[in-house]
Amino acid sequence: MNYAYDCHMHLLPLSHVCLSAYLDYAQKNPLSEAYAQVSAHDYVLGGIFKRQGEARNLVAVMEQPVAKQLALYEDDLRSKYASENKAIITNEGVKIAGGGGKNLCFEKIVVCPQIMDFSFPQKLNLYYSDMPEHDIITQAKEILCGIEEFYKKNPHSLMEVKPFFGINPLHYSEEKIREVLKKAFPKKNIFSKNKVSFVGIKVYPPMGFDPNPDDERLRARNEVLFSFCEEQEIPIVTHCDDQGFRMVPLEDSFKYTSPERWRPVLERHPNLYLDFAHFGSQYYRGAAMMQFKGAVEQMSGQKSDRRDLSWREQILLLMKTFPHVYSDLSFGGVNSAMWKNVLEVLKNAGEEERAVYSSRLLFGTDWPLSLVKIPSALDYWRGFAESEIDSELSQKILCQNPQSFLR
């Protein structure tokens, strides 16, 4: 199937987001949060609070039901809202033309919404002591029903939806994890009478997911997930930049998010399909960052020969070491420098390394979260189309590599 893929976007109803938990954490950690706001763009909530003007589109999308969010995305790519017609999707199909000699045609676009596990087990400092509930199974059903509604309302859509199920296994018992996985990935789809089902798993370190906890009891919970995914060839996407919806101290977030933290996991599960999202982008800057460096290196358990590598360099090293390690290019493409950086990485690699890297990169937009930095999904796609990435590599990033990753 000659389909183009957005391997990393979101369906993010506002009711799913644990706003109260985020605000409670920020209030309890004012110094850390103040440093975070100064040093990097927290593109989920901090970005909203700091850049209300740019964030209006994001909030407007989040206020819509799931089916409407999907319709907005497709209408966006059909150039419905743009001042001039630069559509990616037309009635004739999907057409991408631009820089680097690109002139690519596809039958459809496949989008892979990353569903977040917003359950938060810690008690909040609230007057109303009844905690807000963010049950992952309830939210999963809502997402799948919304996708089905989108199909029913848009029978001529040129978009297929393949969602990723969000879970933090450290929040649940081993028995509960098995139960949840059985429901999310049944042999027969019990959620849907149509073609909607989950195709992968999403984990999110800044909200407390540690891929390789020191505590053996916690590590055993992860092993239930990793073993299941390896055996069933279910791909995993892990957040991998230093921004995001953070609910743990900055040092812990860096420790858990570091690609090197995944090395012991991949050594135990070498056939795991794993996507490091956002190509390991790191935004924190300034002298204050150096104060965290020693503590982070000590906590991460990184070996001395790898501790000074950037997250992107760590990802590339893991790509060379393990057969199914990928990285998506979501969010970073809000800045055209991302596409230049990709070409620079490939240019500086040896012939064998270049072949590996070019077969492991995936296109993604991080829509609607990327709307805090770019006007539309169409702008993101057009930015990629108009980059100097040539047709052969574009075909791999948009189509061949995602199909390999998604099995």
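Position 1 is the first residue of the sequence; numbering continues from there.
Ring pair His8/His10 is perpendicular by interplanar angle, where above 60° counts as perpendicular and below 30° as parallel. Ring-plane geometry between Trp339 and Tyr380 is classed as perpendicular, the angle between the planes exceeding 60 degrees on a 0 to 90 degree scale with a lower cut at 30. Tyr273 and Tyr326 have parallel rings, their planes meeting at less than 30° on a 0 to 90° scale where 60° marks the start of perpendicular. The aromatic rings of His278 and Phe331 lie perpendicular to each other, with more than 60° between the two planes, well past the 30° mark.
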Contacts table for residues 385-394: side-chain donor-acceptor under 3.5 angstrom, sequence neighbours left out:
from: Glu386; atom 1: OE2; to: Arg382; atom 2: NE; distance (Å): 3.4
from: Ser387; atom 1: OG; to: Phe384; atom 2: O; distance (Å): 2.7
from: Ser387; atom 1: OG; to: Ile389; atom 2: N; distance (Å): 3.3
from: Asp390; atom 1: OD1; to: Glu392; atom 2: N; distance (Å): 3.2
from: Asp390; atom 1: OD1; to: Leu393; atom 2: N; distance (Å): 2.9
from: Ser391; atom 1: OG; to: Gly101; atom 2: O; distance (Å): 2.8
from: Ser394; atom 1: OG; to: Ile389; atom 2: O; distance (Å): 3.3
from: Ser394; atom 1: OG; to: Asp390; atom 2: O; distance (Å): 2.8

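Judged by distance alone, the side chain of Ser227 and the main-chain N or O of Val224 form no donor-acceptor pair under 3.5 Å. The backbone N or O of Ala277 lies less than 3.5 Å from no partner atom in the side chain of Ser327, so there is not a single donor-acceptor pair. With Ser253 contributing its side chain and Pro249 its backbone, the two residues share no donor-acceptor pair below 3.5 Å. In this structure, the side chain of Gln114 engages the main chain of Cys112 through a donor-acceptor pair within 3.5 Å.
Looking at Asn85, Asn91, Thr90 one by one, the single match for side-chain hydrogen bond (donor to acceptor under 3.5 Å, both in side chains) with Arg78 turns out to be Asn91.
Note that CD1 of Ile147 is 9.5 Å distant from CE of Met159, once rounded to the nearest 0.5 Å. Taking CD from Gln139 and CD1 from Ile115, the interatomic distance works out to 9.0 Å, rounded to the nearest 0.5 Å. Note that CG of Leu274 is 8.5 Å distant from CG of Leu318, once rounded to the nearest 0.5 Å. The CG atom of Leu225 sits 11.5 Å away from atom OH of Tyr172, with the distance rounded to the nearest 0.5 Å. In this structure, the separation between CG on Leu77 and CD1 on Ile89 is 4.5 Å, given to the nearest 0.5 Å. Here Phe118 contributes atom CZ and Tyr204 contributes atom OH; the two are 7.5 Å apart, rounded to the nearest 0.5 Å.
For the residue pair Ser310/Gln282, the side-chain donor-acceptor check at 3.5 Å is not satisfied. A donor and an acceptor atom, one from each side chain of Ser281 and Arg312, are located under 3.5 Å apart. For the 3.5 Å distance criterion, the side chains of Asn348 and Arg354 fail to qualify, holding no donor opposite an acceptor. Defined by atom type and a distance below 3.5 Å, a donor-acceptor pair is present between the side-chain atoms of Arg268 and Asn212. Between the side chains of Asn154 and Ser157, not a single donor N or O lies within less than 3.5 Å of an accepting N or O. Asn271 and His269 are not linked by any side-chain donor-acceptor pair at a separation below 3.5 angstrom, with hydrogens and angles left out of the test.
Counting non-hydrogen atoms of neighbouring residues, nucleotides and ligands closer than 6.0 angstrom, the NZ atom of Lys86 reaches no more than 12 such neighbours. Heavy-atom contacts from other residues, nucleotides or ligands closer than 6.0 Å to NZ of Lys340 number 12 or fewer.
Considering only residues two or more places apart in sequence or on other chains, Ser376 meets the side-chain hydrogen bond (donor to acceptor under 3.5 Å, both in side chains) condition with Asp379. Applying the side-chain contact (heavy atoms from CB on, under 4.5 Å) criterion to Gln232, with sequence neighbours excluded, gives Phe228, Ile234.
The pair Lys108-Glu160 meets the salt-bridge criterion, with a side-chain N (NZ, NE, NH1 or NH2) lying under 4.0 Å from an Asp/Glu carboxylate O. Using a 4.0 Å cut-off between charged nitrogen and carboxylate oxygen, Arg219 and Glu223 do not count as a salt-bridge pair. By the 4.0 Å N-to-carboxylate-O rule, Glu149 lies close enough to Lys153 to be salt-bridged with it. Residues Asp135 and Lys183 are not paired through a salt bridge, judged by the lack of any N-O separation under 4.0 Å between the basic side chain and the carboxylate.
Between Trp311 and Phe276, a ring centre-to-centre spacing not shorter than 6.0 Å is recorded.
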* To do: Could you go through the ring-ring contact (aromatic ring centres under 6.0 Å, His included) check for Tyr256 and Trp262 one step at a time?
  => CA-CA 9 Å; Tyr256 303 158; Trp262 282 90; over 10 Å; no
